[in-house]
> 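Here it is: the structure, laid out below.
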Amino acid sequence: MTSFQSSAALKRINPSPTLAATQMARDLKAQGRDIISLGAGEPDFDTPDFVKEAAIQAIRDGKTKYTNVDGIPELKEAIVAKFKRDNELDYETGQINVAPGGKAVLYNALVATLNPGDEVIIPAPYWVSYPDMTLLAGGEPVTVPTTQENNFKLKPEDLERAITPKTKWFIFNSPSNPTGAAYTRDEVKALTDVLMRHPHVWIMSDDMYEHIVYDGFEFFTPAQVEPGLYDRTLTINGVSKSYAMTGWRLGYAGGPQPLIKAMAKVMSQSTSNPCSITQYASVAALNGDQSFLIERNNAFKARRDLVVDMLNEAEGLSCAKPEGAFYVYPSCAGTIGKTTPGGAKIETDQDFTTELLQAEGVSAVFGTAFGLAPFFRVSYAASIEDMREACTRIQRFCASLK
């Protein structure tokens, strides 16, 4: 029998570490272990009822057929209205792409634009898929590290140094996965000033956590702050996080029409259209009453404050307080070199999360997966009771290290 041979492109990438951590937690739970999973990047809230009702009505109305490849007109109109309402961005429906998830939007844009040798600047820590999608599309990821001291935000001078004649894209994510860091208007402007000096660089702004911000933080996206970048910016969003619709799989973007058409061309030979029912539900989500976001953000903020306080009380950990999303990215540098009661030595952040899972049943994702060590990501998209118990276990684990 001929042995299986994967492609050279597939050999350049790794499986998603965040999905792997979540699956490991599920497997241990299935074995009867008491596991608290802090690895999943999805809200624990349910999809709003008015969104679910719109989906049910779409099914009753027989809206179960193929749609336009990159989105139904009603949804594109709702997205145009959203960009105008929330971001002061003017798009026409021909400038809108709708795909099966935000990840698909990112991937389609990279596949549609990258040639071998093209560089993509990615601040670290980064969402785990950015570099691998770049590699799969034939490009070269250029990671630029940030620091905890600067709240994991990219400095303009570091962006400037990273740009070369080969740079095709700069990927910008605020609020950030995995750190929760969000850029103020002035901080965004400092970066867009750099980009205005380099007209060959395109901007991919991943705004997926736009509505999950705290303490009066005001969100801004690059093309909003610097209109001069409008014609080379792809502004990406979706319904997964704000509307608790992760499993529905729908992302969208606004950008220059030639790019949008190229992305639709990729979709025409890959996924075709997003789920029709999801599209009609998303129309309701974007056009409906947004007031429920306030209550949910208040719940997230209470969890964030609890988690930051408790992790900073753990021996060997330090945790910055983020402005948005539902993650914290604590440093475990103070535990490196220590040994567990069972004799295992903590040499890396992956060792830390592995031993934490085995000893206390708490699942988190090691920071090396996000391009910056020694840290780990904690998702606080779980009940405050679970978060309190998880942090108590983390404190106990850290105290046990010698």
> In sequence, state the C-alpha distance, the side-chain angles, and the governing distance for Asn108 and Met267, and then conclude on side chain to side chain contact (heavy atoms under 4.5 Å, CB included).
CA-CA 7 Å; Asn108 291 339; Met267 292 178 65; 3.2 Å; yes

> Applying side chain to side chain contact (heavy atoms under 4.5 Å, CB included) to Leu38 and Met387, what does each step give before you reach the verdict?
CA-CA 8 Å; Leu38 308 181; Met387 296 311 308; 3.7 Å; yes

> Can a donor-acceptor pair be found, under 3.5 Å and without considering hydrogens, that links the side chain of Asp206 to the backbone of Met208?
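Confirmed, Asp206 side chain pairs with Met208 backbone.
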
> Go through the steps for Asp186 and Thr184 under the test side chain to side chain donor-acceptor pair (under 3.5 Å), then give the verdict.
CA-CA 5 Å; Asp186 287 346; Thr184 66; 5.4 Å; no

> How about CG on Leu10, more than 12 heavy atoms from neighbouring residues, nucleotides or ligands closer than 6.0 Å, or not?
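Yes, because the 6.0 Å sphere around CG of Leu10 holds more than 12 heavy atoms from other groups.
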
> Any chance you could lay out the side chain to side chain donor-acceptor pair (under 3.5 Å) test for Glu140 and Thr134, step after step, and finish with the verdict?
CA-CA 6 Å; Glu140 297 295 330; Thr134 298; over 6 Å; no

> Do Glu88 and Gln224 have side-chain atoms, one donor and one acceptor, less than 3.5 Å apart?
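There is such a pair between these side chains.
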
> Which pair of heavy atoms, one from Trp202 and one from Pro256, lies closest together, and at what distance?
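The pair with the smallest heavy-atom distance is CZ3-CG, 3.7 Å.
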
> Of the options Asn115, Thr113, Asp118, which is the one that meets Lys168 in a side-chain hydrogen bond (donor to acceptor under 3.5 Å, both in side chains)?
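When Asn115, Thr113, Asp118 are each tested with Lys168, the side-chain hydrogen bond (donor to acceptor under 3.5 Å, both in side chains) holds only for Asp118.
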
> Output yes when Arg396 and Glu360 qualify as a salt bridge under the 4.0 Å nitrogen-oxygen rule, no when they do not.
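Answer for the salt bridge query: yes.
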
> Run the side chain to side chain contact (heavy atoms under 4.5 Å, CB included) test on Leu250 and Met245 for me, step by step, so that the C-alpha distance in whole Å, both residues' side-chain angles and the decisive distance to 0.1 Å come before the verdict.
CA-CA 8 Å; Leu250 190 129; Met245 295 175 67; over 6 Å; no

> To check you understand the geometry: which heavy-atom pair defines the closest contact between Gly255 and Ile260, and what is its length?
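Result for this residue pair: O-CG1, 3.6 Å.
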
> Tell me, do Tyr130 and Thr143 make a side-chain contact under 4.5 Å, heavy atoms counted?
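Counting from C-beta outward, Tyr130 and Thr143 never come under 4.5 Å.
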
> Anything under 30° is parallel, anything over 60° is perpendicular, the rest tilted; go ahead and classify Phe170 against Phe172.
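Ring orientation, 0 to 90° scale: tilted.
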
> Ignoring hydrogens and geometry, is there a side-chain-to-backbone donor-acceptor pair from Tyr243 to Gly238 under 3.5 Å?
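Flag not set: sc Tyr243 to bb Gly238 has no pair under 3.5 Å.
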
> Is a salt bridge present between Asp158 and Lys155, judged by a nitrogen-to-oxygen distance below 4.0 Å?
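Between Lys155 and Asp158 there is no salt bridge, as every charged N stays at least 4.0 Å from the carboxylate O atoms.
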
> Please determine whether the number of non-hydrogen atoms from other residues, nucleotides or ligands lying under 6.0 Å from atom CD of Glu92 exceeds 12.
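Atom CD in Glu92 is not crowded, with 12 or fewer foreign heavy atoms closer than 6.0 Å.
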
> Is there a side chain to side chain donor-acceptor pair (under 3.5 Å) between Thr246 and Glu42? Walk through the geometry before answering.
CA-CA 6 Å; Thr246 51; Glu42 63 179 349; 2.5 Å; yes

> First locate atom CD of Glu119, then atom CG of Leu114, and finally report the distance between them rounded to the nearest 0.5 Å.
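Here the rounded value is 11.0 Å.
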
> Is the terminal nitrogen or CZ of Arg377 (NZ for Lys, CZ for Arg) located under 6.0 angstrom from the six-membered ring centre of Tyr329 and within 45° of that ring's axis?
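No, a cation-pi geometry is absent between Arg377 and Tyr329.
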
> Less than 4.0 angstrom from a charged side-chain N to a carboxylate O is my criterion; do Lys52 and Asp49 meet it?
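Answer for the salt bridge query: yes.
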
> Would you give the length of the straight line joining atom CD of Gln148 to atom CZ of Phe375, rounded to the nearest 0.5 angstrom?
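Separation between the atoms: 4.5 Å.
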
> If you measure from the Lys or Arg side-chain nitrogens to the Asp or Glu carboxylate oxygens, is any gap between Lys338 and Asp351 under 4.0 Å?
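Asp351 and Lys338: not salt-bridged.
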
> Would you call the rings of Tyr214 and Tyr380 parallel, tilted or perpendicular, where under 30° means parallel and over 60° means perpendicular?
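It falls in the tilted class, 30° to 60°.
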
> Does His198 use its side chain to pair, donor to acceptor, with the backbone of Glu160 at less than 3.5 Å?
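No; zero donor-acceptor contacts below 3.5 Å.
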
> Do the non-hydrogen side-chain atoms of Thr340 and Ser400 ever get within less than 4.5 Å of each other?
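No, too far: nothing below the 4.5 Å cut-off.
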
> What are the two closest non-hydrogen atoms of Gly41 and Tyr327, and how far apart are they?
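Smallest heavy-atom distance, with atoms named: CA-OH, 3.2 Å.
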
> In the structure I gave you, are the side-chain heavy atoms of Leu28 and Leu357 within less than 4.5 Å of one another anywhere?
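Leu28 reaches Leu357 side chain to side chain.
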
> With a 3.5 Å distance limit and no angle check, can you tell me whether Gln257 reaches the backbone of Ile96 through a side-chain donor-acceptor pair?
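No: the side chain of Gln257 does not pair with the backbone of Ile96.
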
> Under 3.5 Å, side chain of Thr167 to main-chain N/O of Ile163, donor-acceptor pair present?
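Such a contact is absent between Thr167 side chain and Ile163 backbone.
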
> Check the pair Phe217 / Tyr183 against ring pair (Phe, Tyr, Trp, His ring centres under 6.0 Å), numbers first and verdict last.
CA-CA 9 Å; Phe217 184 89; Tyr183 291 69; 9.2 Å; no

> Pick from Thr348, Asp349, Thr353: which one makes a side-chain hydrogen bond (donor to acceptor under 3.5 Å, both in side chains) with Thr368?
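For Thr368, the side-chain hydrogen bond (donor to acceptor under 3.5 Å, both in side chains) check succeeds only for Asp349.
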
> Would you check, one step at a time, whether the test side chain to side chain contact (heavy atoms under 4.5 Å, CB included) holds for Lys241 with His211?
CA-CA 9 Å; Lys241 313 301 182 179; His211 292 300; over 6 Å; no

> Are the side chain of Gln290 and the backbone N or O of Gly288 linked by a donor-acceptor pair below 3.5 Å?
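Yes, the answer is positive, given that a donor and an acceptor are paired below the 3.5 Å cut-off.
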
> Examine Phe352 together with Phe376 and report whether their ring centres are nearer than 6.0 Å.
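Yes: the rings meet the under 6.0 Å criterion.
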
> Please determine whether salt bridge (Lys or Arg N to Asp or Glu O under 4.0 Å) holds for the pair Glu157 and Arg161, giving the CA-CA distance in whole Å, both sets of side-chain angles, and the decisive distance to 0.1 Å.
CA-CA 6 Å; Glu157 56 267 29; Arg161 279 193 292 268; 5.7 Å; no

> Give me the ring orientation class for Phe45 and Phe300: parallel if the planes are under 30° apart, tilted from 30 to 60°, perpendicular past 60°.
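Judged by the thresholds at 30° and 60°, the geometry between Phe45 and Phe300 is perpendicular.
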
> Output the distance between atom CG (Asn173) and atom CD1 (Ile122), rounded to the nearest 0.5 Å.
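So the gap between those two atoms works out to 11.0 Å.
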
> Looking only at heavy atoms, what is the nearest atom pair of Thr47 and Ala244, with distance?
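For Thr47 versus Ala244, the nearest heavy atoms are OG1-O, 2.7 Å.
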
> Identify every side-chain donor-acceptor pair in residues 62-75 under 3.5 Å, counting partners at least two apart or on other chains, and give the distances.
residue: Thr67; atom: OG1; partner: Gln279; partner atom: NE2; Å: 3.0
residue: Asp70; atom: OD1; partner: Lys76; partner atom: NZ; Å: 3.1
residue: Asp70; atom: OD2; partner: Lys76; partner atom: NZ; Å: 3.2

> I need the minimum non-hydrogen distance between Ser205 and Pro222, along with the two atoms involved.
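Taking every non-hydrogen atom into account, OG-CD, 3.2 Å.
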
> Would you find a donor on one side and an acceptor on the other, under 3.5 Å apart, between the side chain of Glu226 and the backbone of Ala223?
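Flag not set: sc Glu226 to bb Ala223 has no pair under 3.5 Å.
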
> Does a donor on one side chain and an acceptor on the other come within less than 3.5 Å for Tyr209 and Glu323?
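The criterion, which ignores hydrogens and geometry beyond distance, is not satisfied for Glu323 and Tyr209.
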
> Under a 3.5 Å threshold, yes or no: a donor from one side chain and an acceptor from the other, between Glu210 and Asn87?
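Present: a donor and an acceptor within the cut-off.
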
> Any salt bridge linking Asp44 with Arg296? Criterion: basic side-chain nitrogen under 4.0 Å from a carboxylate oxygen.
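Salt bridge: no.
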
> Does Thr235 offer a backbone N or O that forms a donor-acceptor pair with the side chain of Thr233 under 3.5 Å?
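Not confirmed, Thr233 side chain does not pair with Thr235 backbone.
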
> Minimum heavy-atom separation for Trp169 to Val201, with atom names?
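Shortest heavy-atom separation between Trp169 and Val201 comes out as C-CG1, 4.3 Å.
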
> Quick one: do Asp215 and Lys301 make a salt bridge, cutoff under 4.0 Å?
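Salt bridge between Asp215 and Lys301, a charged N being under 4.0 Å from a carboxylate O: yes.
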
> Let's go through Phe370 and Tyr126 carefully: what are the C-alpha distance in whole Å and the side-chain angles of both, what is the deciding distance for ring pair (Phe, Tyr, Trp, His ring centres under 6.0 Å) to 0.1 Å, and is it a yes or a no?
CA-CA 5 Å; Phe370 303 98; Tyr126 44 69; 7.7 Å; no

> Just by distance, do the side chain of Asn150 and the backbone of Lys153 share a donor-acceptor pair under 3.5 Å?
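Checked: pair present.
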
> Have Asp61 and Gln57 got a donor and an acceptor in their side chains that come within less than 3.5 Å?
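Yes - a donor-acceptor pair under 3.5 Å links their side chains.
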
> Treating Thr179 as the side-chain partner and Ala181 as the backbone partner, does any N or O pair qualify as donor plus acceptor under 3.5 Å?
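Yes, the answer is positive, given that a donor and an acceptor are paired below the 3.5 Å cut-off.
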
